[in-house]
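Any value given below was found using the heavy atoms of this structure, including those in side chains, with hydrogens, waters and symmetry copies removed. Every chain is numbered from 1, with letters handed out A, B, ... down the list of sequences.
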Amino acid sequence: MEKKVYFRGIALPYLLLLPQIIVTGLFFFWPAAQAVRQSFLREDAFGLSSQFVGFENFTDVLSDPTWLDSAFRTLLFSSSVAILALASALFLAVQADKHIRGANTYKTLLIWPYAVAPAIAAVLWLFMFHPNIGIFGRALNAMGIPWNYKLNGDQAMLLIILAAAWKQVSYNFIFFLAGLQSIPKSVLEAAAIDGARPMRRFWTVVFPLLSPTAFFLLVVNLVYAFFDTFGIIHSLTQGGPGKATETLIYRVYTDGVMNLNFGSSAAQSVILMILVIVLTMVQFRYVERKVHY
Amino acid sequence: MVTHLCLILGVLIFAFPIYLTIIGSTHDVNTIGRGDVPLLPGGEGAANYSQAWGVGGGRFMGVPAGVMLFNSIIMAVCVAVGKIAISLTSAYAVVFFRFPLRMLFFWLIFITLMLPVEVRIIPTIQVMVDLNMTNSYQGLIVPLIASATATLLFRQFFLTIPDEYVEAAKIDGAGPIRFFLDVILPLSRTNVAALFVILFIYGWNQYLWPLLIVNDRSMETIVVGLTKMIGSGDSQNEWNVIMATAVLALLPPIAVVVLMQRWFVKGLTETEK
């Protein structure tokens with residue numbers, strides 16, 4: 001869709017675009033290009049000289065068993081967060097969509113966690129599950145379950161999954177609710193007249209109509225779990241114990257910022273960039289499809 | 001009945017961590033340190049909040065929450081306003097003008113969707129160091145104000161504005177700047193309001209970028225400052241002050257979302273699609 005009527009002017013449009021172009025050029029394209037360049041270089045420990053090493057940084061990263069471990073861990077973490085956050089949001093949205101008294105109050109009470117920063121969500125969960133002072137941490141220990149997320153890697157993983165999913169449910173809830181409310185009531189009534197019971201109506205009518213929303217949210221949740229959970233991991237477990245909660249993005253940070261291993265960090269960044277590009281394209285194919293509905 | 005029970009349970013699961021934090025912020029440090037946090041408020045609230053607000057706490061003798069809140073508000077407001085401003089003008093240029101390389105510029109903006117800050121950390125910091133922008137508000141704000149989503153949203157909206165408006169403006173002898181100020185801006189105010197809520201939260205919740213770009217502690221934002229107060233998560237932390245700071249860090253964004261709920265939901269569902 002294009003406008004048929006427009007303004008004349010050569011300098012003005014460029015001037016209007018200039019701020020955005022400067023910001024994207026300086027802080028997006030230049031650094032991204034540098035990341036790509038660095039991924040083909042190897043610097044000595046003092047950063048005094050560097051040499052072109054081709055794909056060596058990439059092959060090093062991809063053949064490093066600890067990197068593959070964190071890739072696998074990231075997959076486990078992201079899919080757990082996405083499934084947990086999507087399932088509970090869908091359940092709550094279906095409940096809130098029923099015509100009950102106080103539906104709006106429930107909505108307000110369910111959407112505010114969106115405003116909680118991931119890092120702050122981590123602090124709240126730490127306070128509940130601290131082995132010595134946390135109400136649940138102590139309860140678990142009192143029940144004879146040795147709970148200490150600082151020593152037990154599985155428990156640390158469980159804790160960051162819970163904190164990350166808790167924070168994301170409200171986002172999914174808003175989209176599911178909007179999706180549910182756009183389903184024509186006549187379709188559901190027709191199914192009811194045909195004798196379909198509520199559960200059957202949900203799985204055969206509502207769920208298929210909701211699937212584009214669900215798919216869109218799945219991609220958004222995966223991107224969230226990949227990138228935005230850095231704050232959760234940094235403030236809860238710092239990737240530990242050992243490397244039990246070190247996701248790919250956390251590793252880019254430790255290798256690059258902490259260990260100053262630029263070539264490897266840059267190669268990892270480029271791999272992640274390719275991943276984001278793939279995820280974004282998938283997301284946009286969904287949007288295109290939705291436009292044709 | 002079952003529906004109500006499910007929803008109430010959901011609300012409780014969301015609210016409980018916050019409830020516990022508020023309770024924690026009203027007890028003295030020893031009660032929490034022993035692990036004896038009761039489920040009812042204590043009497044130390046005033047003392048805890050005034051220490052958090054004016055002095056700070058934690059292992060590294062933190063920054064007062066008042067200072068960090070101020071930094072967070074500056075950052076969140078400027079990021080939101082900046083993103084909206086540069087997206088409005090660039091979307092206006094792309095939709096209402098014809099000029100060479102127009103679509104190239106549009107795609108350049110679009111591609112930034114795929115370059116989150118997390119994947120270009122090191123070189124972006126390098127740029128900041130070269131520009132001498134570390135430890136400054138500009139450093140916190142400017143790199144975050146490019147926004148592909150806001151530009152896309154405004155473009156989408158501008159395309160729905162009928163051609164007759166432009167024709168009428170031309171007949172009246174109004175130029176593009178006048179048209180922008182008198183017609184486009186007033187028409188966009190719902191979108192702007194909705195977007196402001198989303199982008200304010202986005203700016204407020206930033207973590208990795210402020211963590212890396214600021215090491216002068218008086219420039220710290222409250223989200224980063226709070227997690228620094230916890231140190232290694234020991235039970236010896238000043239949990240009472242930490243919890244009071246956490247409550248202060250939660251209040252502004254939650255207030256914005258709850259008070260501007262209508263705009264917020266609209267902004268969210270429109271921006272993302």
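- Ranked by non-hydrogen atom pairs under 4.5 Å with chain A, the options B:V265, B:L108, B:V2 are led by B:L108.
- Interface residue B:L212: only side-chain heavy atoms are found under 4.5 Å from chain A.
- Residue A:G231 comes nearest to B:Y207 through the heavy atom pair CA-CD2, 3.5 Å, listed as atom of the first residue, atom of the second, then distance.
- Between chain A and the options B:M128, B:Q206, B:R102, B:Q261, the largest number of non-hydrogen pairs under 4.5 Å is found for B:Q261.
- Proximity of a side-chain donor or acceptor of B:R120 to a complementary backbone N or O of A:A266 within less than 3.5 Å is not detected.
- Contact count versus chain A (heavy atoms, under 4.5 Å) is highest, among B:V95, B:I121, B:L208, B:V258, for B:L208.
- Contacts of A:R8 with chain B are made by backbone atoms alone, with heavy-atom separations under 4.5 Å and no side-chain atom involved.
- The greatest number of non-hydrogen atom pairs below 4.5 Å with chain A, out of B:P100, B:A91, B:G24, B:A148, is found for B:P100.
- By the ring pair (Phe, Tyr, Trp, His ring centres under 6.0 Å) test, B:F179 is found to be paired with A:F7, B:F96, residues two or more places apart in sequence or in another chain being considered.
- B:T151 and A:Q20 share a donor-acceptor pair across their side chains, judged by distance under 3.5 Å alone.
- Proximity to chain A is limited to the side chain of B:K170, based on heavy atoms less than 4.5 angstrom apart.
- What you find for B:V142 and A:V23 is that their closest heavy atoms are O-CG1, 3.6 Å.
- Here the straight-line distance linking atom CZ of B:F97 with atom CD1 of A:I10 works out to 10.0 Å at 0.5 Å rounding.
- Residue B:F200 does not touch chain A at all, counting heavy-atom pairs closer than 4.5 Å.
- A:Y14 and B:F105 have perpendicular rings, their planes meeting at more than 60° on a 0 to 90° scale where under 30° would count as parallel.
- When each of B:G82, B:P143, B:S147 is scored by its heavy-atom pairs under 4.5 Å with chain A, the top score falls to B:P143.
- Without hydrogens or angle criteria, B:S90 side chain to A:L17 main chain gives no donor-acceptor distance under 3.5 Å.
- Distance CG/A:D228 to CG/B:N205: 9.5 Å, rounded to 0.5 Å.
- For a residue to count as touching a neighbouring chain, one of its non-hydrogen atoms must lie under 4.5 Å from one of that chain's; by this rule B:I254 touches chain A with backbone and side chain alike.
- Using a 4.5 Å cut-off between heavy atoms, B:L88 does not touch chain A at all.
- Shown here for B:V223 and A:A119, the closest heavy-atom pair between the two residues is CG1-CB, 3.7 Å.
- Legend: residues meeting side chain to side chain donor-acceptor pair (under 3.5 Å) with A:T254, ordered by chain and number and at least two apart, are absent.
- Contact record, B:F14 with A:P113: CD2-CG, 3.5 Å, taken as the closest heavy-atom pair.
- Of the listed residues (B:T3, B:I201, B:V94), the one with the most heavy-atom contacts under 4.5 Å to chain A is B:T3.
- Contacts of B:Y19 with chain A are absent, with no heavy-atom separation under 4.5 Å from either backbone or side chain.
- The two residues B:C6 and A:L92 have their closest heavy-atom pair at O-CD2, 4.0 Å.
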